[in-house]
Amino acid sequence: MTSEAVRYMGKLLLEGRSQRMIAAALEVVGFDTPSTHAYKNQGDTYTSKRKTPPSNHWNPTSVGKILRSPAATGLKPTGRSAKARKIACDWKGLPIRMAKPLFTEEE
């Protein structure tokens, strides 16, 4: 999945589309799901317990998780699961910004 896909999701959300509508639009436009993107771009280094290639069907719940992720605002998340995920902070306690934000705080 690319930042272009995340920006597209944000644009649709700001237009008032639901997560279900955004998921359907992503499939129509042809954006790969995160697992399909990894499968296609990691080649021989792709590791998964899957016996078949991942589905390219967008789940509305996944759309919501991606849009609410601190990574979309450029902040570095820590933790492997959604429940354990927190924003990484530096020694002063300030959030670590790893990239230019895809959305502003207002968006």
Side-chain angles (χ1 to χ4, degrees):
M1 184 182 61
T2 63
S3 58
E4 182 183 348
V6 179
R7 284 188 190 100
Y8 184 68
M9 286 185 222
K11 175 183 168 284
L12 295 177
L13 183 69
L14 291 173
E15 289 175 359
R17 306 271 176 91
S18 69
Q19 289 176 200
R20 184 176 311 251
M21 293 169 75
I22 294 170
L26 290 168
E27 289 183 19
V28 169
V29 173
F31 283 113
D32 288 335
T33 61
S35 58
T36 302
H37 181 76
Y39 180 76
K40 287 181 177 178
N41 293 302
Q42 290 180 358
D44 294 338
T45 61
Y46 180 77
T47 57
S48 175
K49 295 180 182 176
R50 296 176 184 266
K51 294 187 177 165
T52 60
S55 166
N56 209 21
H57 174 71
W58 277 93
N59 183 320
T61 303
S62 300
V63 169
K65 287 179 181 179
I66 291 166
L67 289 171
R68 285 189 298 274
S69 170
T73 59
L75 299 176
K76 180 180 181 177
T78 62
R80 293 192 57 105
S81 70
K83 289 183 181 177
R85 193 157 293 136
K86 295 186 179 355
I87 296 172
C89 295
D90 64 12
W91 63 277
K92 293 180 181 178
L94 299 173
I96 298 173
R97 187 161 306 272
M98 296 297 293
K100 185 177 164 186
L102 298 176
F103 307 114
T104 64
E105 292 294 329
E106 296 79 34
E107 292 173 327

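This chain uses plain numbering: 1 for the first residue, then up along the sequence.
In this view, V28 satisfies the side-chain contact (heavy atoms from CB on, under 4.5 Å) rule with no residue, not counting sequence neighbours. Every residue meeting the side-chain contact (heavy atoms from CB on, under 4.5 Å) condition with T36, not counting sequence neighbours, appears here in chain and number order: D32, T33, K40, P54, N56. Under the rule for a side-chain contact (heavy atoms from CB on, under 4.5 Å), the partners of S18 that lie at least two apart in sequence or sit in another chain are R20, M21. Residues passing the salt bridge (Lys or Arg N to Asp or Glu O under 4.0 Å) test with E15, sequence neighbours excluded: K11, R17. When the side-chain contact (heavy atoms from CB on, under 4.5 Å) test is applied to A24, no partner is found at least two apart in sequence or on another chain.
Heavy atoms only, all atoms of each residue included: A5 and L26 are closest at O-CD2, 4.3 Å. Among all heavy-atom pairs drawn from A25 and L12, the shortest one is CB-CD1, 3.7 Å. Residues G10 and L67 share a closest heavy-atom pair of N-CD2, 3.8 Å.
By the 4.5 Å heavy-atom criterion applied to side chains, R7 and S3 are counted as neighbours. Two residues are said to be in side-chain contact when any heavy atoms from C-beta on lie closer than 4.5 Å; S69 and V6 fail this criterion.
Residue pairs satisfying the side-chain hydrogen bond (donor to acceptor under 3.5 Å, both in side chains) criterion with at least one member in residues 87-96, sequence neighbours excluded, are absent. Applying the ring-ring contact (aromatic ring centres under 6.0 Å, His included) test to pairs two or more places apart or on separate chains, those with a residue in residues 2-33 are Y8-F31.
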